[in-house]
Protein chains: 2
Amino acid sequence: MKTREEIRGFFKAKQVPLTHQRLAVYEELAGRKDHPSAEALYESLKQNYPSLSLATVYKTLQTLHDMGMVSRVPSPISQARYDACMAVHHHAVCVSCGKIVDVFDPRLDSVAVPSLPGFKVSGHSVHFQGRCARCGKADRSKTN
Amino acid sequence: MKTREEIRGFFKAKQVPLTHQRLAVYEELAGRKDHPSAEALYESLKQNYPSLSLATVYKTLQTLHDMGMVSRVPSPISQARYDACMAVHHHAVCVSCGKIVDVFDPRLDSVAVPSLPGFKVSGHSVHFQGRCARCGKADRSKTN
DNA sequence: TTACTAACGGATAATTATTATCTACCAAGG
DNA sequence: CCTTGGTAGATAATAATTATCCGTTAGTAA
């Protein structure tokens, strides 16, 4: 948990103006451990900031993400992606174009199962991020 | 890759009617290895099945998923979820209510990096699926 | 084959999540 | 303070997905 001065320092370092809304969104998110969605943050925040707009929450989360102050729980580019292969396997997702490739590697099929009180683990998969061959070369691609 | 008779057998076993559309969607998906979205499947399929509806593709993918014939690339319940914690960590997602809990376990922080020709891996995270304490007991919960 | 019926498919409206647009306003530096 | 570029709020627009409605079809039995 960062102090307000540390937060201010982060914004200064990145040359991003620190507004009341950004501070509020960040502190609300940092004070929670349930990985809220933009909507969920908005619901909490508007009690103390009735004039806050949901769009601001979205924009602020994007800004904080660009600054490297918050992370998104990894997921494929906004669309559900399907696979007819039901065997245990893993995925590598290109952060640039969203391309997904299968990863078959038995070394990944059994990992240390952490102790999560009350949580019954039924499976796992490893999600690699990176850049595919095409996006690695020619940056700025958006085609899958 | 399943034969048509095997596919027919699967549907019979689950007592789910096998329609032309379902067969077409399944075979198209099984014939691809790029994890297409519903939209992408629709684009391919409508060349051979001009009357096919996008809604049918969505419904069919849901049906196939319920039957255990196709898998979805794991992701958090349709909404982006955020986290102020920037340290390396992993996640466990409740398949019933979507609750996400952090997993800190240094044993997961370094995994075997598979050889993916051309793909530059910049990071990874392990995604556990299961049922949280609440959903493990009282089934049928939808509240996070 | 034919007939029956529950379930399905297609068209489209509705919903949900997110992003873009536009104007007034505020944060940071002089 | 005062200027100015970036920002916040309101709202429209877009994208992804799901629901609804009704004619049609798959599966079964006669």
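Chain letters run A, B, ... following the sequence lines, proteins first and then strands; every chain starts at 1. Only this structure's heavy atoms are used, side chains among them; waters, hydrogens and symmetry mates stay out.
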* Starting at the 5' end of DNA chain D and moving along, which residue's nearest nucleotide shows up first, B/Lys59 or B/Leu18? -> B/Lys59

* side-chain N/O B/Gln62 vs D/dT17 OP1/OP2, d < 4.0 Å -> no

* To do: Measure the acute angle between the ring planes of B/His91 and A/His35, then classify it against the limits of 30° and 60° as parallel, tilted or perpendicular.
  => perpendicular

* Asked: Do A/Glu27 and A/Lys2 meet the salt-bridge criterion of a basic N to acidic O distance under 4.0 Å?
  -> no

* **Rounded distance in Å - CG (A/Leu23) to P (C/dC26)** => 17 Å

* To do: Ignoring hydrogens and angles, tell me if any N or O in the side chain of B/Thr60 forms a donor-acceptor pair with the backbone of B/Thr56 under 3.5 Å.
  => yes

* Asked: How close or far is atom C1' of C/dA7 from atom NZ of B/Lys14, stated in whole angstroms?
  -> 18 Å

* To do: Could you state the atom-to-atom distance from CZ of B/Arg81 to P of C/dA17 in whole Å?
  => 11 Å

* In whole angstrom, what separates A/Tyr49's OH from C/dC26's P? -> 15 Å

* Value rounded to 0.5 Å, distance of CD1 in A/Ile100 from CG in A/Asp83 -> 9.0 Å

* Looking at B/Val70 and B/Leu29, what are the two nearest heavy atoms and their distance? -> CG1-CD2, 3.6 Å

* Phosphate OP1/OP2 of D/dT18 contacted by B/Tyr58 side-chain N/O (<4.0 Å) -> no

* Rounded to the Å, how far apart are A/Tyr42 OH and C/dT18 P? -> 15 Å

* Which one, C/dA17, C/dG10, D/dT7, comes nearest to the side chain of A/Arg22? -> D/dT7

* Asked: Out of D/dA19, C/dG10, C/dT18, which nucleotide sits closest to the side chain of A/Leu54?
  -> C/dT18

* Structure fact -> When A/Tyr82 and B/Val16 are each assigned the nearest nucleotide of DNA chain D, the 5'-most assignment goes to A/Tyr82

* Asked: Can you find a side chain N or O atom of B/Gln15 that sits less than 4.0 Å from OP1 or OP2 on C/dA7?
  -> no

* Structure fact -> Of the candidates C/dA11, C/dG29, C/dT18, the side chain of A/Lys12 sits closest to C/dG29

* Is the distance from OP1 or OP2 of D/dA26 to the nearest side-chain N or O of B/His20 less than 4.0 Å? -> yes

* To do: Tell me what B/Ala38 touches on the nucleic acid: a base, only sugar-phosphate, or nothing, going by heavy atoms under 4.0 Å.
  => nothing

* **d(CD, A/Glu39; P, C/dT19) in whole Å** => 14 Å

* Any side-chain N or O of B/Thr19 under 4.0 Å from OP1/OP2 of D/dA26? -> no

* Quick one: on DNA chain C, does B/Pro17 or B/Ala55 contact a more 5' nucleotide (nearest heavy atom)? -> B/Pro17

* Asked: Between C/dC26 atom C1' and A/Phe11 atom CZ, what is the distance in whole Å?
  -> 15 Å

* Quick one: closest heavy-atom pair of B/Leu108 and A/Ala112, and the distance? => CD2-O, 3.4 Å

* Asked: How would you label the contact of A/Ser37 with the nucleic acid (heavy atoms, under 4.0 Å): base, sugar-phosphate, or nothing?
  -> nothing

* Structure fact -> From CD of A/Gln21 across to C1' of C/dC26 the rounded distance in Å is 9 Å

